[in-house]
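Below: the structure, in structure tokens.
Only this structure's heavy atoms are used, side chains among them; waters, hydrogens and symmetry mates stay out.
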Amino acid sequence: QVQLVESGGGLVQAGGSLRLSCAASGRTFSSYAMGWFRQAPGKEREFVATISWNGGSTYYADSVKGRFTISRDNAKNTLYLQMNSLKPEDAAVYYCAAKSSGGSSWYAPEYKYWGQGTQVTVSS
């Protein structure tokens, strides 16, 4: 069992940056592949980025590649998403998720644990 709490969302101008954090409870965080997903109003939840249990492998949605960076600090039980060059279309509720088995994945149903989300708003 793991509980996830996101933070770091807020209002930013287009072109700006934000860093999201996801604090995980429990001693097994380092064994989980992790992911970030987002959901904008009226849209389906979509994949943003994923990272393997040791941070050695990352994968991004084409829409954020080159602008967003996913990372983790297993000693702090924390997942991060550095978001640069933000665009209005990046506005959404961002969720972190933990995958209890297997490697990193873009496929949301494979993730067992989810946080409550943090709102990101980008003004043009």
Which residue pairs satisfy the disulfide bond (SG atoms under 2.5 Å apart) criterion with at least one member in residues 30-87, sequence neighbours excluded? none
Sequence neighbours excluded - side chain to side chain donor-acceptor pair (under 3.5 Å) pairs with any residue from residues 5-21: S17-N84
Once rounded to the nearest 0.5 Å, what's the spacing between atom OG of S25 and atom CD of Q1? 7.5 Å
Going by the ring pair (Phe, Tyr, Trp, His ring centres under 6.0 Å) test, which pairs reach into residues 39-74, not counting sequence neighbours? F37-F47, F47-Y59
Taking every non-hydrogen atom, the tightest pair across C96 and L79: CB-CD2, 3.9 Å
Pairing residues for K43 by the side chain to side chain contact (heavy atoms under 4.5 Å, CB included) criterion, not counting sequence neighbours: A40
Cluster question for you: counting only ILVMFWY and a side-chain heavy-atom cut-off of under 4.5 Å, with indirect links fine, are V64 and V93 together? no
Can you run down the salt bridge (charged side-chain N to carboxylate O under 4.0 Å, His left out) pairs that involve residues 114-124, sequence neighbours left out, and say none if there aren't any? none
Under the side-chain hydrogen bond (donor to acceptor under 3.5 Å, both in side chains) rule, collect the residues that match up with S105, sequence neighbours excluded. E110
Which heavy-atom pair separates A49 from L81 by the least distance, and what is that distance? CB-CD1, 4.4 Å
Chi angles and distances behind the side-chain contact (heavy atoms from CB on, under 4.5 Å) call for T58, T50: CA-CA 6 Å; T58 59; T50 183; over 6 Å; no
Determine whether more than 12 heavy atoms belonging to other residues, nucleotides or ligands lie under 6.0 Å from atom CD of E46. yes
With a 3.5 Å cut-off and sequence neighbours excluded, list the donor-acceptor pairs that the side chains of residues 113-121 form with protein atoms.
unit_1 : atom_1 : unit_2 : atom_2 : d
W114   : NE1    : Y111   : O      : 3.2
T118   : OG1    : G9     : N      : 3.2
Q119   : NE2    : A92    : O      : 3.4

Interatomic spacing from CG in N54 to CG in N74 - rounded to 0.5 Å: 8.0 Å
Take K87 and V122, measure what side-chain contact (heavy atoms from CB on, under 4.5 Å) needs, and give me the verdict at the end. CA-CA 6 Å; K87 304 175 181 180; V122 184; 5.6 Å; no
Inter- and intrachain pairs under salt bridge (charged side-chain N to carboxylate O under 4.0 Å, His left out), touching residues 50-66, at least two apart: D62-K65
In chain order, what residues pass the side chain to side chain contact (heavy atoms under 4.5 Å, CB included) check against D73, with sequence neighbours excluded? A75, K76, Y80
Would you mind listing every side chain to side chain donor-acceptor pair (under 3.5 Å) that reaches into residues 89-98, with sequence neighbours excluded? R38-D90, R38-Y94, R67-D90
Does the side chain of I51 come within less than 4.5 Å of S104's, by heavy atoms? no
Contacts of type side-chain hydrogen bond (donor to acceptor under 3.5 Å, both in side chains), residue T28, not counting sequence neighbours: Y32
Side-chain contact test, heavy atoms from C-beta onward, threshold under 4.5 Å: evaluate it for M34 versus R72 and give yes or no. yes
Does any pair with a residue in residues 58-94 pass disulfide bond (SG atoms under 2.5 Å apart), and if so which ones, sequence neighbours excluded? none
Provide the closest heavy-atom pair for L4 versus A98 in the form atom of the first, atom of the second, distance. CD1-N, 3.7 Å
